[in-house]
Q: 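Before anything else, here's the structure in question.
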Amino acid sequence: MFVVRGGRPLRGRVSVSGAKNAALPIMAAALSARGTTLLRGVPELVDVSTLSQVLQSLGMTVERHADGTLALTAEDDQRCLADYELVRRMRASVCVLGPLLGRRGRACVSLPGGCNIGHRPIDLHLKGLRALGAEITIDRGYVFAKADQLIGTDIYLGGSFGSTVTGTCNVLCAAVFAKGTTTISSAACEPEVVDLGNYLNEMGARIEGLGTPFLRIEGVEELNAVEHTVIPDRIEAATLLVAAAITGGCLQIDNVEPTHLAAVFDVLRMMGVGIEISGKSLTVIAPDKLRSLDVTALPYPGIPTDVQAQLTALLSLANGISVVTDKIFPDRFMHIPELMRMGANVRREGASSIISGIGTLTGACVMASDLRASAALLLAALAADGESVIRRVYHLDRGYERLERKLNDVGADIERVIDLPENMPHSLQLSVEEQRPLAIDSSDVPAPKFLSRAEAARQRAES
Ligand code: UD1
């Protein structure tokens with residue numbers, strides 16, 4: 001758990017790591033390459049090591065070189081089983097489905113199960129792969145997919161919540177090996193999909209239209225391993241922007257792709273946050289007073305759903321009423337009750353939360369439920385008066401590389417300790433003096449009656 005001593009403005013310089021959500025599908029796509037793929041900018045995260053284990057179980061060697069480069073080589077291309085025990089630890093493991101089917105003609109991948117951020121089916125992934133001619137069955141919790149030769153076709157990949165990011169990645173990775181031309185309409189336009197597409201093209205694929213909802217893919221027979229640098233993490237950048245704004249600080253944030261953050265800049269500026277862009281760096285200056293705002297999470301280039309919780313933490317301190325709506329994951333509000341433990345005034349209304357801004361948050365003991373919710377709680381704790389405890393920070397370790405160290409380097413006070421009662425700060429425990437007025441007058445309450453077993457047996461017999 002983290003013990004956070006809040007109320008310290010962050011000041012200094014911090015650098016963003018490579019994007020988790022780009023690195024994962026790219027690592028999975030390395031299954032398709034002949035030779036050794038070298039990936040730079042892959043963050044050191046629990047999710048990356050989980051996917052490395054999945055890839056190793058699929059016959060790949062995965063090594064981290066001293067300079068941080070990740071080297072991936074497919075040694076045994078007969079294996080095609082992504083086991084339940086590994087996939088259940090990280091749903092992005094489903095990214096191996098498309099590359100396995102495309103390159104090896106077979107895939108057996110455990111269906112990802114439930115998730116804390118809401119219902120997350122993979123029906124669109126399967127629809128796209130079936131359209132390419134794959135035979136797909138679900139059996140004992142696994143997706144079995146096979147095709148001797150995938151055939152290019154026209155695929156519409158939109159669903160009730162818009163496009164799908166990992167679904168587009170999966171269909172793209174299979175379609176690069178399909179015979180003839182494939183078109184994908186309503187493809188996801190997220191920068192992470194573009195990074196995957198660029199990487200596939202560098203390997204020899206022929207994909208056009210990346211970054212638009214219309215992709216055109218000419219199938220090829222083979223892909224060759226290349227070196228590739230993963231794009232900077234726009235969600236980490238946005239989290240750091242909010243960290244500066246929520247603590248009343250000023251940060252220089254390096255290794256940023258500003259074009260990926262246009263919507264985030266827009267909402268932060270409307271709240272009064274100062275943002276200056278210089279090449280791949282940003283300077284963020286918190287305003288004296290934050291203004292309230294209505295924000296809706298939408299597919300790219302809209303506000304990312306992965307930043308919704310962090311913005312909610314920030315808006316809980318803004319002057320006025322804000323409405324935050326999530327159109328991608330309408331149930332992604334697990335952070336709200338925990339923010340309320342810190343004093344935030346928030347009401348959930350369907351796919352929206354209605355936030356009445358307050359002057360200050362107060363430190364409390366809170367529980368992280370998922371990756372971005374933990375980031376939101378950490379941000380709130382950085383701004384809160386007094387000490388906070390955030391439990392289950394393993395969620396944070398899944399997706400942020402050394403976040404507490406980065407924040408401590410710019411003035412935060414975050415301590416990682418084992419979640420034990422003795423590590424709970426005294427300031428969060430009620431003192432005896434504080435408890436005394438709460439004590440119930442014993443004359444008001446009948447004394448509880450504890451019966452011995454013999455007495456209880458006698459009473460039962462009498463009744
Ligand atoms: C990816 C990101 C995740 C981010 C999300 C939305 C990775 C590893 N994860 O998740 O961090 O929050 O994009 O930007 O990159 N849907 C269906 N059927 C499907 C697939 C999705 O109905 O077959 C729905 C989902 O339930 C959701 C919406 O479509 O409502 C978007 O999901 P999707 O883009 O697929 O999210 P992920 O790729 O799982």
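Atoms within a ligand are numbered from 1 in the order they appear, just like the ligands themselves.
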Q: Salt bridge check: are Lys406 and Glu236 linked by an N-O gap of less than 4.0 Å?
A: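 Judged by the 4.0 Å cut-off on N to carboxylate O distance, Lys406 and Glu236 do form a salt bridge.
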Q: Please state which option from Arg120, Glu192, Arg332 has its nearest heavy atom closest to atom 39 (O) of ligand 1.
A: Arg120
Q: Any N/O of Asp123 closer than 3.5 Å to an N/O of ligand 1?
A: yes
Q: Could you tell me, atom by atom, which parts of ligand 1 come under 4.0 Å of a heavy atom of Ile122?
A: 19 (C), 23 (O)
Q: For atom 35 (O) of ligand 1, what is the nearest protein heavy atom, given as residue, atom name and distance?
A: Thr164 OG1, 2.6 Å
Q: Checking contacts here: is it the side chain or the backbone of Pro121 that comes within 4.0 Å of ligand 1, counting heavy atoms only? Could be both or neither.
A: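 For Pro121, backbone and side-chain atoms both sit under 4.0 Å from ligand 1.
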Q: Is any NZ, NE, NH1 or NH2 atom of the basic residue among Arg216 and Glu218 found under 4.0 Å from an Asp or Glu carboxylate oxygen of the other?
A: yes
Q: Counting non-hydrogen protein atoms only, what is the nearest one to atom 29 (O) of ligand 1? Give residue, atom name and distance.
A: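 The closest one turns out to be Phe161 CB, 3.9 Å.
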Q: When you measure from atom 38 (O) of ligand 1 to every protein heavy atom, which one gives the shortest distance, and what is it?
A: Thr166 OG1, 2.5 Å
Q: Among all protein heavy atoms, pick out the one at the shortest distance from atom 31 (C) of ligand 1; state its residue, atom name and that distance to 0.1 Å.
A: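 For this ligand atom, the closest protein heavy atom is Ile328 CG2, 3.6 Å.
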Q: Among protein heavy atoms, which sits nearest to atom 12 (O) of ligand 1, and what does the distance come to when rounded to 0.1 Å?
A: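 For this ligand atom, the closest protein heavy atom is Asp306 OD1, 2.6 Å.
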Q: Which atom names give the shortest non-hydrogen contact between Ile184 and Leu172, and what distance separates them?
A: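 For Ile184 and Leu172, the tightest heavy-atom pair comes out as CD1-N, 4.3 Å.
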Q: Looking only at heavy atoms, what is the nearest atom pair of Pro25 and Ala22, with distance?
A: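 Nearest pair, atom of Pro25 first, then Ala22: CD-O, 3.4 Å.
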Q: Does any N/O atom on Leu24 come nearer than 3.5 Å to any N/O atom on ligand 1?
A: no
Q: Closer than 4.0 angstrom, basic N to acidic O: yes or no for Arg104 and Asp77?
A: no
Q: At a non-hydrogen distance cut-off of under 4.0 Å, which region of Phe329 contacts ligand 1 (side chain, backbone, both, or neither)?
A: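 Just the side chain.
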Q: Is the shortest side-chain N to carboxylate O distance from Asp331 to Arg348 below 4.0 Å?
A: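 Salt bridge flag = yes for Arg348 with Asp331.
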Q: May I ask you to list the atoms of ligand 1 that are less than 4.0 angstrom from any heavy atom of His125?
A: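 Those qualifying, in numeric order: 23 (O).
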Q: Any nitrogen or oxygen of Leu124, main chain or side chain, under 3.5 Å from a nitrogen or oxygen of ligand 1?
A: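 Between Leu124 and ligand 1 (N or O atoms, distance only) the closest approach is under 3.5 Å.
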Q: What I want to find out is whether Arg347 reaches Glu349 closely enough, with some N-O distance under 4.0 Å, to be called a salt bridge.
A: yes
Q: Which is closest to atom 26 (O) of ligand 1 by heavy-atom distance: Lys327, His119, Lys20?
A: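 Result: the heavy atom closest to atom 26 (O) of ligand 1 is in His119.
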Q: Between Glu257 and Arg234, does any side-chain N to carboxylate O distance fall below 4.0 Å?
A: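 Answer for the salt bridge query: no.
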Q: Apply salt bridge (Lys or Arg N to Asp or Glu O under 4.0 Å) to Asp254 and Arg13, showing your working.
A: CA-CA 7 Å; Asp254 298 328; Arg13 199 167 168 178; 2.7 Å; yes
Q: Going by heavy-atom distance to atom 9 (N) of ligand 1, choose the closest among Leu196, Leu298, Asn21.
A: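 Going through Leu196, Leu298, Asn21 one by one, Asn21 has the nearest heavy atom to atom 9 (N) of ligand 1.
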Q: Would you mind checking if Asp83 and Arg88 are paired as a salt bridge, meaning a charged N to carboxylate O distance below 4.0 Å?
A: no
Q: Atoms of ligand 1 less than 4.0 Å from Ala92 heavy atoms?
A: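 Selected atoms, number and element: 8 (C).
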Q: Considering only heavy atoms of Val165, which atoms of ligand 1 have at least one such atom less than 4.0 Å away?
A: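 By the 4.0 Å cutoff, the relevant atoms are 1 (C), 13 (O), 14 (O), 33 (P), 34 (O), 35 (O), 38 (O).
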Q: Is any N or O atom of Thr305, backbone or side chain, closer than 3.5 Å to an N or O atom of ligand 1?
A: no
Q: Could you state the interatomic distance from OG1 (Thr61) to CG (Leu55), rounded to the nearest 0.5 Å?
A: 10.0 Å
